[in-house]
Amino acid sequence: MNDPAPRFRTAPFGALWLFYYGAIGLFNPYSSLWLAHLGYSTLTIGSFASLQSWTRVVGPYAWGWLADHGGRRVALLRVATVLSALAAAALWWVRDAGVVALALAVAALYLANGAVTPIGESLLLKHLHRADGLDTRKYGRVRLWGSVGFIVSVMLFGVVLQTTGIAALPLFTLLLFTLLAWAAWRLPAQGEDNSSARERLPVGPVMRRPEVRWFFAGVMLTVLAHTAMYAFFSLYLDRLGYGKPAVGALWAVSVAAEIAFFALAGRHFARIDEYRWLVVAALLTALRFAVTAAFGEVPAVLAAAQLTHAVTFAAQHMACTSLIARFFPDRLRTRGSALYTTLGYGVPGVVGGVAGGLLSERFGLAAVFWAAAVAGLASAACCAMAGRIAARRPDHNPAP
């Protein structure tokens with residue numbers, strides 16, 4: 001007699017996202033200050049920052065391929081998180097060994113933690129994707145912990161590093177990646193097998209579907225627009241004369257809105273289908289960054305624009321996750337999540353960083369946000385096209 005399937009618990013996945021985004025909330029904002037403390041130039045620091053986008057182009061899909069073809073996703077995630085902790089430890093040991101050694105350690109860290117999103121999302125979707133779509137209530141309950149981890153980490157370590165000194169950054173990074181590995185060991189491994197190694201399904205036929213290609217085009221353009229915020233928003237505010245507390249507060253507004261959406265999404269998300277969410281998110285993206293460019297000197301307007309992050313990021317991400325689960329079921333799921341990370345965040349991150357830098361040097365930082373608004377409009381057109389094509393498919397399953 002088979003044992004009944006264990007009841008799904010959100011806590012292990014919540015812990016995974018808490019420590020993963022907590023580590024990102026520590027390393028991404030403060031690593032540039034640490035590198036400056038080590039004596040590196042602005043150009044070198046920018047090159048270090050670009051490593052994350054470059055590794056996202058190849059790393060997530062490589063991990064996704066291994067997970068789908070090997071079948072043991074939980075075991076592979078555990079290996080990846082241990083490698084992340086080892087790479088974090090290497091940051092401390094090679095900090096004075098020169099730029100090449102340090103760059104290799106940072107690249108290794110990004111490559112190893114590049115497994116967390118595609119594999120973690122595919123494991124979560126295995127539990128939460130139903131015949132009628134994503135269980136948005138439970139997904140939001142899990143995913144909000146990532147947002148909590150990020151905002152708490154940014155605020156907490158801003159105070160801690162002020163006290164201990166920025167030189168301690170690698171030690172705190174090691175602590176958080178060690179906790180991430182612990183969280184990976186708490187994930188349920190029931191049902192893991194290597195059956196996918198015996199039946200290797202190609203991803204090409206899915207990618208050749210026109211609605212999938214339009215979907216990815218829309219995702220790339222929406223994230224490309226958001227690169228303006230991720231890479232240039234703080235600098236833009238600084239040039240306008242905002243102090244660091246105001247910059248931090250405006251960032252906190254966006255993350256708080258994101259958390260609120262994830263907490264409440266289960267009640268409202270399914271009222272419209274995912275494609276409509278994507279169109280609404282893209283249109284709001286265009287409005288958000290046009291307002292940021294035009295009214296950057298008005299704090300209240302900027303705060304209102306930051307509140308739209310609840311839709312331009314959180315709702316957009318949830319809609320993307322639901323569609324990825326629909327496009328890439330079962331043994332394609334991890335590669336689908338990896339393609340979302342690579343095409344949705346890796347490629348736009350590289351392009352947006354370079355293009356935004358060129359635009360800002362020639363026309364000023366406001367031009368970057370005007371370009372982001374144009375990208376948002378183009379994304380809305382792509383997402384609308386994906387929705388129209390999908391609606392004509394006989395297996396289309398719109399939200400009630």
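Side chains included, hydrogens not; waters and symmetry mates left out as well; all remaining heavy atoms used. Each residue takes its place number in the sequence, starting with 1.
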Hphob cluster co-occupancy, L38 + W93, side-chain heavy atoms under 4.5 angstrom: no
Counting distance only, does the side-chain N/O of T285 pair as donor-acceptor with the main-chain N or O of A281 below 3.5 Å? yes
Examine R239 relative to F232 and say whether NZ or CZ is less than 6.0 Å from the centre of the six-membered ring and inside a 45° cone about the ring axis. no
Rounded distance (nearest 0.5 Å) linking atom CG of L323 with atom CH2 of W277: 13.5 Å
Donor-acceptor contact below 3.5 Å, side chain Q306 vs main chain L250: yes
Mind checking side-chain contact (heavy atoms from CB on, under 4.5 Å) for L307 and listing every partner two or more places apart, or none if nothing turns up? V253, A257
Heavy-atom neighbours of W145 CH2 exceed 12 at 6.0 Å: no
With H226, which residues qualify under side chain to side chain donor-acceptor pair (under 3.5 Å), at least two apart? T312
Let me confirm one number: the CZ-OG1 distance from F233 to T227, rounded to the nearest 0.5 Å. 14.5 Å
Would you say F27 and L109 make side-chain contact, with heavy atoms under 4.5 Å? yes
Here the pair of heavy atoms bringing A105 nearest to V94 is CB-CG2, 3.9 Å
Please report the closest heavy-atom contact between I166 and W34, naming both atoms and the distance. O-CD1, 3.4 Å
Do F172 and L161 come close enough that some side-chain heavy atom pair is under 4.5 Å? yes
Donor-acceptor under 3.5 Å (R73 side chain, L123 main chain): no
Take E211 and R392 through the test side chain to side chain contact (heavy atoms under 4.5 Å, CB included) and record every step on the way to the result. CA-CA 10 Å; E211 73 272 25; R392 295 197 293 264; over 6 Å; no
Separation of L237 CG from L365 CG (nearest 0.5 Å): 10.0 Å
Please report, to 0.1 Å, the donor-acceptor pairs under 3.5 Å made by any side chain of residues 79-92, with sequence neighbours excluded.
{"unit_1": "T81", "atom_1": "OG1", "unit_2": "L77", "atom_2": "O", "d": "3.2"}
{"unit_1": "T81", "atom_1": "OG1", "unit_2": "R78", "atom_2": "O", "d": "2.9"}
{"unit_1": "S84", "atom_1": "OG", "unit_2": "A80", "atom_2": "O", "d": "3.0"}
{"unit_1": "S84", "atom_1": "OG", "unit_2": "N113", "atom_2": "N", "d": "3.2"}

Begin with the C-alpha distance, continue with both residues' side-chain angles, and end with the deciding distance and a verdict on side chain to side chain contact (heavy atoms under 4.5 Å, CB included) for V116 and E121. CA-CA 8 Å; V116 177; E121 287 279 0; over 6 Å; no
A304 backbone acceptor or donor facing T308 side chain under 3.5 Å: no
Measuring from T173:OG1 to I24:CD1, what's the distance to the nearest 0.5 Å? 11.5 Å
Which pair of heavy atoms, one from A305 and one from V291, lies closest together, and at what distance? CB-CG1, 4.3 Å
Determine, stepwise, if the pair L343 / V219 fulfils side chain to side chain contact (heavy atoms under 4.5 Å, CB included). CA-CA 8 Å; L343 297 178; V219 171; over 6 Å; no
Between T117 and W17 the two heavy atoms that sit nearest each other are CA-CH2, 4.0 Å
Check: Y236 ring centre within less than 6.0 Å of Y242 ring centre: no
Under 4.5 Å between side-chain heavy atoms, counting indirect links through other Ile/Leu/Val/Met/Phe/Trp/Tyr residues: same cluster for L16 and L144 or not? yes
Decide yes or no on side chain to side chain contact (heavy atoms under 4.5 Å, CB included) for E258 and R143, but give the supporting numbers first. CA-CA 10 Å; E258 173 187 324; R143 184 56 183 77; 4.2 Å; yes
Is there a path of hydrophobic side-chain contacts, each under 4.5 Å between heavy atoms, that joins F295 and L287? yes
Rounded distance (nearest 0.5 Å) linking atom CE of M207 with atom CG of L339: 5.5 Å
Taking ring-ring contact (aromatic ring centres under 6.0 Å, His included) as the definition, give me every residue that meets it alongside W214, ordered by chain and number, with sequence neighbours left out. none
Is it true that L283 and M318 fall in one hydrophobic cluster, defined by side-chain heavy atoms closer than 4.5 Å? no
Quick one: pull up CG in L278 and CZ in F215 and give me the separation to the nearest 0.5 Å. 6.5 Å
Contacts of F313 meeting ring-ring contact (aromatic ring centres under 6.0 Å, His included) (sequence neighbours excluded), chain-then-number -> H309, H317
Looking at every non-hydrogen atom in both residues, tell me the closest pair between Y21 and G146 and how far apart they are. CB-O, 3.0 Å
For residues 366-388, which side-chain N or O atoms pair as donor and acceptor with protein atoms under 3.5 Å away, sequence neighbours left out?
{"unit_1": "S379", "atom_1": "OG", "unit_2": "G218", "atom_2": "O", "d": "2.7"}
{"unit_1": "S379", "atom_1": "OG", "unit_2": "T222", "atom_2": "OG1", "d": "2.5"}

Using the rule that Ile, Leu, Val, Met, Phe, Trp and Tyr join whenever any side-chain heavy atoms are under 4.5 Å apart, tell me whether F150 and I259 fall into a single cluster. yes
What closest approach, in Å, do A390 and Y275 show between heavy atoms, and which atom pair accounts for it? CB-OH, 3.4 Å
